[in-house]
K.L.:
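I have a structure here, written as structure tokens, and I will follow up with some questions on it.
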Amino acid sequence: MDQTRRALCVQHLDIQFSTPHGMARAVQEVSFDIHAGEIYALVGESGCGKTSAAHAVMGLINRINAPGHRIGGRVLFEDKDLLSLTEEEMCHVRGRSLGMIFQNPLDALNPLYRAGYQVYEAIVLDKIGKIEAWRRVAELFNQVKLSDPEARMRSYPQELSGGMRQRVMIGMMLARNPRLLIADEPTTALDVTIQAQVLELILALRAALEMSVWLITHDFGIVAEIADRVAVMYAGVLVEEADVLGIFDNPRHPYTRMLMASLPRGFKRDGRLRTIAGLLPDPTLEIPGCRFRDRCPAKIEVCATQAPALVEITPGHRVACHVAATVKGDLPP
Amino acid sequence: MNPLVEVSHLEKHFEIRSGLWRTVSSHVRAVDDVSFAIAAGETLGLVGESGSGKSTVARLLLRLITATGGSVRLEGREVTTARPAEMKALRRKMGIVFQDPAASMNPRAKIKWSLRRPLVTNGFEHARIDDQILAMLAKVNLGPELLNRYPHQLSGGQQQRISVARALLLRPRLLVLDEPTSALDISVQAQVLNILLDLQEAFGLTYLFISHDLNVVRYVSDRVAIMYLGKLMEIGPVEAVLQAPRHPYTQGLAASSPPMSPHQRGRQRVLLAEQPPSLIDLPTGCRLHPRCPFRQTICEETRPELRELAPGHWAACHLAENLPAPQPRDT
């Protein structure tokens, strides 16, 4: 992995949506880099802003689906700021260098066209001859390990199983050799045996094509399985970022620590799970201080007035917490 | 063991009709010759992938759908053929919680209305109804202020706790939980699981806990049953089945399920090949054989029956004694 080359650089990304109750801040001042060739996981519970961040990067938030939205900050990709591109320029980036797969592949595929044709469409954009393009479709169906690729190319999306549909989506996305794959909950709708196959495929393709993967998920199991680095989001804020071992073995932010403790790991006799009391803060309210404060068992006075900045506490491990930033050894449970 | 629920040779076949006269052209064997028992006060975890028939078993237990064959007994009384009056009495002894709590409540009625329904229908005194509801709400850690809200004004965790409270209002013996936490966030899932375990202790409840998440099932269950394409593959104590599985399907399931820590990445994995076959056109012999890495000729010809390999630990595999021992899984 090349640590020095950055595949994507997100700086001070800020997203606000217009709601009947005022502007809601979905993402607040989020900054992170994705290195070339790595799998970077963005983890968080529903409503934390992880999908909004990905949609903003892909240019999928527009005047029609989110009237009155505001996006601030910069997203650097291949020396361009994606947020300043016009829709036409963005179209050239999407697909060619930036690919995205979604949670439900059936929503992303057109039920009226055969699976092969939908991948073919993505290939002929490159002004490749028809015969050559169809050959490439067959190649891609082989590459994503679809069994009996010839038959699968002639199938309609609804004739394929969930795992096969996600493979078709990955094939379509690979058609134009992207540098970065954004995978938003790619296996949430799949059974575990199929999920394992799709994760293996993502790992194999990452190695073969040297692409970076931005994985968005709520499932720490998937993170433990394939991620290189992990960022945890809470209520629109990036609260902790470290390599995968750092997050699992030495989580520093109280939210990450409580989330880890709420995962069922043992048996009934091992005692009850840790829970996080309280609810997410209202995104339309401007909250002074730390957004996790009301639910945090470790809070101190300064948490009420000052929002903690994301600071590097050990090399490669960043935490946005006043307590974790000052305490070096063991943290309160 | 004193079984509260006894299921024997349970079958549910759905008809597939086709052609001009809608004649029955084939059957889907959603549940095929399934037998198990649940002791009073225990939790049986039921695990399987989509299409394995686990939710169909739940619906058959409560007779929400009628069985094609076999029997379900609750406290020794037959459920599948009970007459309406007897069925009403039996239904009071069992409750169910579904995966999507919002879909199992009337969106246009206040929570109070949804919670009163089971008590009103069963002829409880009006004066006592509200007290009972408030007492049950307290058991699921919710306050009375929620009673005047509508389902959409509640968070997912609150909705699911209301579903649990509603299912328990009639003080059932058996609670069927069909993927109760699959739609919830991790921290909320922990709240609901804790409450379910507390309630089981407080009321001596018996649970049938259906889930596809092995970590959740390991945490709540005393015994676990594994289903694949309508058949029981393995059943036994939770430690035995999930830590040292004897059936290749359970081994594949355990290996596919994501690890608890990145340190387990290099673990030995038995990955099941391909996709599950169609339920209409089932493989001969053992249903797993097209996907099984250990298959032999006998697996294609003869259907394996459940055999007791260790006390209380049953598996339906011809080769169970001769399989390579799977690596024990840390938790």
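Note that these values count all heavy atoms, side chains included, but never hydrogens, waters or copies made by symmetry. In the text below, chain A, chain B and the rest are named by the order of the sequence lines, each starting its count at 1. Just so it is clear, the structure is predicted and the values come from calculations on it, not from any experiment.
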K.L.:
Establish, from distance only, whether the side-chain atoms of B:Y219 and A:R272 form a donor-acceptor pair under 3.5 Å.
P.N.:
no
K.L.:
Just checking A:K268: does its NZ atom have more than 12 heavy atoms from other residues, nucleotides or ligands closer to it than 6.0 angstrom?
P.N.:
yes
K.L.:
Answer yes if the side chains of B:Q159 and B:H152 hold a donor-acceptor pair under 3.5 Å, and no otherwise.
P.N.:
no
K.L.:
Under a 3.5 Å threshold, yes or no: a donor from one side chain and an acceptor from the other, between B:Q200 and B:T43?
P.N.:
yes
K.L.:
Between chain B and each of A:G163, A:G47, A:A227, A:A261, count heavy-atom pairs under 4.5 Å; write down the option with the most.
P.N.:
A:A227
K.L.:
For each of B:V217, B:L214, B:I186, B:D222, tally heavy-atom pairs with chain A at distances under 4.5 Å, and name the one with the top tally.
P.N.:
B:I186
K.L.:
If we check side chain to side chain contact (heavy atoms under 4.5 Å, CB included) with B:V224, which of these qualifies: B:T250, B:L44, B:L242?
P.N.:
B:L242
K.L.:
Check whether the side chains of A:H317 and A:E241 place a donor and an acceptor atom closer than 3.5 Å, and report yes or no.
P.N.:
no
K.L.:
Using non-hydrogen atoms only, which part of B:V216 is less than 4.5 Å away from chain A: side chain, backbone, both, or neither?
P.N.:
both
K.L.:
On the 0 to 90° scale, with breaks at 30° and 60°, tag the B:H247-B:Y249 ring pair as parallel, tilted or perpendicular.
P.N.:
perpendicular
K.L.:
What parts of residues 188-197 of chain B touch chain A if we use heavy atoms and a cut-off under 4.5 Å?
P.N.:
B:V188, B:Q189, B:A190, B:Q191, B:L193, B:N194, B:L197
K.L.:
Name the region of A:E45, side chain, backbone, both or neither, that has any atom closer than 4.5 Å to a heavy atom of chain B.
P.N.:
both
K.L.:
With A:R295 as the cation and A:F292 as the aromatic partner, state whether NZ or CZ is under 6.0 Å from the six-membered ring centre and within 45° of the axis.
P.N.:
no
K.L.:
For A:T284 and A:D282, test the side chains for any donor-to-acceptor distance below 3.5 angstrom and give the result as yes or no.
P.N.:
yes
K.L.:
Between A:D191, A:T275, A:V192, who has the most heavy-atom pairs with chain B when the cutoff is under 4.5 Å?
P.N.:
A:D191
K.L.:
Below 4.5 Å, heavy-atom pairs only: which of B:G157, B:S187, B:S221, B:S261 has the largest tally toward chain A?
P.N.:
B:S187
K.L.:
Just wondering, more than 12 heavy atoms not from A:K145 lying within 6.0 Å of its NZ?
P.N.:
no
K.L.:
For chain B, find which of A:V223, A:I222, A:L245, A:L190 contributes the most heavy-atom pairs closer than 4.5 angstrom.
P.N.:
A:L245
K.L.:
With a 4.5 angstrom heavy-atom cut-off, which part of A:S46 approaches chain B: side chain, backbone, both or neither?
P.N.:
both
K.L.:
So which of A:D249, A:L279, A:L280 has the biggest tally of heavy-atom pairs under 4.5 Å with chain B?
P.N.:
A:D249
K.L.:
Go through the atoms of A:I247 and report whether side chain, backbone, both or neither lie under 4.5 Å from a heavy atom of chain B.
P.N.:
neither
K.L.:
Salt bridge check: are B:E42 and B:R223 linked by an N-O gap of less than 4.0 Å?
P.N.:
yes
K.L.:
What is the minimum heavy-atom distance between B:R287 and B:L229, and which atoms define it?
P.N.:
NH1-O, 2.6 Å
K.L.:
Is B:D198 close to chain A through its backbone or its side chain, or both, or neither, when contacts mean heavy atoms under 4.5 Å?
P.N.:
both
K.L.:
Considering only heavy atoms, which portion of A:M260 lies under 4.5 Å from any heavy atom of chain B: side chain, backbone, both, or neither?
P.N.:
neither
